[in-house]
Amino acid sequence: MIDAKDWDQERKRLKRVTDQLRSRIGELEPEVSGLHDQVSELRKRFWEEVTVNTSTQEDFEETFYSIKQQDALLSERERSHRQRKQHWKNLNRLLPSPYFGRIDFQEAGQSADEQVYIGVSSFADTDGLSFLIYDWRTPIASLYYDHSPGAAAYETPGGTVEGRMKLKRQYQIRSGQLQHVFDTSLTIGDELLQQVLGKGADAQMKSIVATIQKEQNAIIRNDSSRMLIVQGAAGSGKTSAALQRVAYLLYTHRERLRADQIVLFSPNPMFNSYVSTVLPELGEENMQQTTFQEYLEYGLGAAWRLEDPFDQIEYTLTAESEPEYEARLSGIRYKASEAYRDAIQGYAQWLGGEGMQFSGIRFRGRDLIGAGEIYSQFYSYDASIRLPNRIVLLQEWLLRSLDLLERKEQEAAWVQDELDYLDTDQYAAAYSELLGKYQREQPVFDFTAEYIEAYGDFQGEERGEENVFDYAEQEEELLRRMIVKKQFKPLRRKVKRLKFVDVKGLYAQLFGEEAAYRKMTGGAEAPEHWPEICRQTRNKLDGGELFHEDATPLLYLKELVEGVRTNTEVRHVFVDEGQDYSQFQYEFLKRLFPRARMTVLGDFGQAIFAHSTNLHAADSPLIRLYGEAETSLYHLDRSYRSTREIVEFTKALLPGGERILPFERSGGMPLLTKTGGGGQRVARIAADLAKLEAEGLAAIAVITKTAAESREAYEELMAQGCGELRLVTKATLTFEKGIVVIPAYLAKGIEFDAVLIYDASAEVYGRESERKLFYTACTRAMHRLLIYTTGEWTPYIQGIGPDK
């Protein structure tokens, strides 16, 4: 704490800043309101201010420029309103707690110290020249996160600024009142962190700008690497740092970077709601958020029924006794591997010479253009032309062929049948089109008596020996053309969408004899259980379904053949829970967003999928994705989420967990409870839930291994009278406070005040492959961890001493 004199000075300064904030907010309010009214009025009267006249070219041009001028005026007013409203919001956001930090910095060569107060937004004095508050993202504010008092330096666009930090101070301000002041040295003071971390969990993740640590700040402000890989222990703040990084990028590059040019790939839809408030808290718009599953569904279209990653993990956790289980696991691992990616690339090269699969174009039960004819045409093109370019040439040939076939089809007998059943509206449409055509062909067209006498009417009256317009014959010709054109329209649409490429057949062709597989893929070795993998895959394909592990390779092959769709607008891609993505998926993201930088966040200790990627290994495929020179790797080993006692327990669950460091925040020891059967465990859990609620804990999770176990736990606890429970499934879109029952794999990335592990028996968590799932479940707890069993304990905790 500081002395009384400093406290009084800080209190007076805070009051002065708060008063100026209120004054500026009061000045802006009528401006914001007035501009809003002006914009609304302009929108209402937009067309009243525009004279529309297109009689002549000059009138048309005058109308065009009148509309353009009015649109520019409206756009300028809207932009001005947005800017002032955003400034007004920023000031209101500052008012309850204007700043959280201060540094006194003496720049080299200068005699005076500069006092730099740091908050979530900047605020200038009334003269507009000096800052009362600096935004935490400004270059000079990095001193607060990176240095202790003494020699210090920070980077600016103009170069490095060196000097000495004389003071580093932290504040807690609530409702405009000074609560606590700490002078600190090396890191952001433990006092402030203790208070922040000691609070309860919330329904949304909160901003951490007041407590950003030095290692997190390096991630946030890295502006040079093409790829950032963040390997962070559970609760190390990697996701929070990533969201602050988004805010930093939007602030630093605000002239050329928009929120919609940043995409976050989340682990599940519920996580999107959990992080949705962080950027708005900092005065920034939310970036785009999606899941990789949504991208797969978009890329492959509605023709396929895709298994999602949660169904896949449910299978791996529950189907161990099924005879085809080992083959399926072998397939999951292989289809996510670099070896399989290389095999598909080799397959695409082989398809350049033979083996393409096409669907013939059928019409009214017959082949208009057979698959064999399409195949021959495709391989008639020069073999040096890339596959996607040959597909374009083939598409053009098919469209030309359909034009010829459409004209021939007009004489078919079925067309006459259709003619006999046309209604009056269709005849009227044909008449209107013919009338328009005739008008265009005549220099003057005036339906007067003199005109009809001179030229004849539309029933074919003759002018001398010349029949000027044989309406009846042309009408039938036009109607035939209209009938056939309508019937051919879906065929053209399919050709334009490349539906003549049999993607399913191409992928299925891979799953045959091992020798054929080697030949087609350039010598790739098939994995163990290959015949059974082939059978399983083909059965799914035949039913129009795809295993989750097949979706990405199939889309990869599709794009190798048809061409890659790219998004050149997106500049930054963030991947959370990055260890759960396969090499295929990272390849996709790189190809899909060729101009984007990538930030990958994950924890290999929570790698619960069979296809998980090691983020931090020296030979990680992620490092090879962009090359070592353009890749930065960060380790966050300190866990802030859980109490020291919970971290000491959970890190003992993992081989190599000794590198995880707890933050010194004490709490209760994890409690292991063994009960008898016959409902005793559920009764004990229900009683403990009541106690935890009575203690004031607002976010509590009963975590199970699988969705089926979640349903069972939910029903049994409801029968015990726990009426405020909420069952979370893969379809749950929002995260809310209260008591939830949730499978461990859906709880990733979320934290709770208390976690109750529903069943930690050796029967439920017995396999070594499930150790990381159990670790993930336990590390969701911030303050309390309770674990239950009715039988023998899981082997993961049998070796942990009672002291933990």
Side-chain angles (χ1 to χ4, degrees), residues 197-201 234-235 639-654 657 660 662-705 709-710 713-714 716-717 720-722 724-725 738-744 747 750-766 770-804:
L197 297 173
K199 293 180 180 178
S639 179
Y640 298 97
R641 173 187 298 138
S642 307
T643 61
R644 178 178 54 79
E645 291 82 0
I646 292 174
V647 173
E648 291 292 351
F649 172 79
T650 54
K651 77 178 195 177
L653 297 171
L654 285 182
I660 300 172
F663 180 73
E664 288 302 321
R665 178 171 64 87
S666 293
M669 298 279 283
L671 180 63
L672 278 63
T673 302
K674 189 172 185 177
T675 70
Q680 291 183 36
R681 177 187 56 187
V682 176
R684 176 61 185 270
I685 292 175
D688 287 344
L689 286 173
K691 289 179 184 177
L692 292 168
E693 278 196 294
E695 290 176 23
L697 301 183
I700 304 171
V702 177
I703 300 185
T704 65
K705 177 181 168 182
E709 192 183 26
S710 279
Y714 174 76
E716 290 186 350
L717 287 168
Q720 287 283 334
C722 299
E724 299 300 320
L725 288 181
I739 304 175
V740 300
V741 182
I742 184 172
I750 301 172
E751 59 191 23
F752 303 91
D753 293 327
V755 165
L756 295 80
I757 304 297
Y758 181 72
D759 188 347
S761 66
E763 183 180 354
V764 173
Y765 289 101
E770 296 163 347
R771 177 185 291 272
K772 290 179 178 180
L773 185 70
F774 186 75
Y775 169 79
T776 300
C778 293
T779 54
R780 301 307 93 202
M782 294 176 64
H783 309 298
R784 301 290 295 279
L785 176 60
L786 295 80
I787 306 175
Y788 305 85
T789 187
T790 57
E792 183 184 355
W793 288 107
T794 171
Y796 320 142
I797 62 177
Q798 287 181 14
I800 300 177
D803 59 314
K804 293 185 180 180

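Reckoned from all heavy atoms, side chains included, excluding hydrogens, waters and symmetry mates. This is a predicted model, so every value here is computed, not measured.
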Is there side-chain contact between Cys778 and Ile787, with heavy atoms separated by less than 4.5 Å?
-> yes
Could you state the interatomic distance from CD1 (Ile646) to OG1 (Thr779), rounded to the nearest 0.5 Å?
-> 10.0 Å
Let me see the working for Ile757 and Leu786 under side-chain contact (heavy atoms from CB on, under 4.5 Å), right down to the final yes or no.
-> CA-CA 6 Å; Ile757 304 297; Leu786 295 80; over 6 Å; no
In Å and rounded to the nearest 0.5 Å, what is the CD to CE distance from Glu648 to Met669?
-> 9.5 Å
Close side-chain approach of Lys705 and Glu770, heavy atoms under 4.5 Å | yes
Find out whether Arg665 and Tyr640 are in side-chain contact, i.e. whether some heavy atom of one side chain is under 4.5 Å from a heavy atom of the other.
-> no
Contact summary for Ala686 and Gln720, nearest pair of heavy atoms = CB-CB, 4.0 Å
Determine whether Phe774 and Ile797 make a side-chain contact, defined as any pair of heavy atoms from C-beta on separated by less than 4.5 Å.
-> yes
Working for side-chain contact (heavy atoms from CB on, under 4.5 Å), residues Cys722 and Leu689 | CA-CA 8 Å; Cys722 299; Leu689 286 173; 4.3 Å; yes
CZ/Arg780 to CG/Asp753 distance, rounded to the nearest 0.5 angstrom?
-> 14.0 Å
Going through the checks in order, is the side-chain contact (heavy atoms from CB on, under 4.5 Å) test met by Val702 and Leu717?
-> CA-CA 10 Å; Val702 177; Leu717 287 168; 4.2 Å; yes
Carboxylate-amine/guanidinium proximity below 4.0 Å for Arg641 and Glu751 | yes
Hey, what do you get for CZ (Arg771) to OG1 (Thr776), rounding to the nearest 0.5 Å?
-> 12.5 Å
Minimum side-chain heavy-atom gap Gln680-Thr790 below 4.5 Å = no
side-chain contact (heavy atoms from CB on, under 4.5 Å) between Val764 and Glu709: does it pass, once the steps are laid out?
-> CA-CA 10 Å; Val764 173; Glu709 192 183 26; 4.2 Å; yes
Rounded distance [0.5 Å steps], CD1 in Ile703 versus CG in Asp759 | 13.5 Å
So, does Ser642 use its side chain to make a donor-acceptor pair with the main chain of Met782 at under 3.5 Å?
-> no
So, the side chain of Lys651 versus the backbone of Ile660: is there a donor-acceptor pair under 3.5 Å, distance only?
-> yes
Quick one: does NZ or CZ of Arg681 land under 6.0 Å from the six-membered ring centre of Tyr758, within 45 degrees of the ring axis?
-> yes
Any residue meeting side chain to side chain contact (heavy atoms under 4.5 Å, CB included) with Glu695, in chain and number order, not counting sequence neighbours = Leu692, Leu697, Arg784
Check: Gln798 side chain, Trp793 main-chain N or O, donor-acceptor pair, under 3.5 Å = yes
Ile700 vs Leu756 side-chain heavy atoms within contact, under 4.5 Å = yes
Side chain proximity check, Leu773 to Tyr765, heavy atoms < 4.5 angstrom = yes
Heavy-atom closest pair (Ala777 atom, Ala744 atom, distance to 0.1 Å) is CB-CB, 4.0 Å
Pick out which of Thr675, Thr673, Asp688 makes a side chain to side chain donor-acceptor pair (under 3.5 Å) with Tyr788.
-> Asp688
Which atom pair, heavy atoms only, marks the closest approach of Thr704 to Ala713?
-> CG2-CB, 4.1 Å
Could you tell me whether the side chain of Ser639 and the main chain of Pro662 form a donor-acceptor pair under 3.5 Å?
-> no
Taking side chain as C-beta onward, heavy atoms only, is Ser761 less than 4.5 Å from Glu792?
-> no
What closest approach, in Å, do Arg644 and Ser666 show between heavy atoms, and which atom pair accounts for it?
-> NH2-OG, 3.6 Å
If you round to the nearest 0.5 Å, how far is NZ of Lys772 from CG of Leu654?
-> 7.5 Å
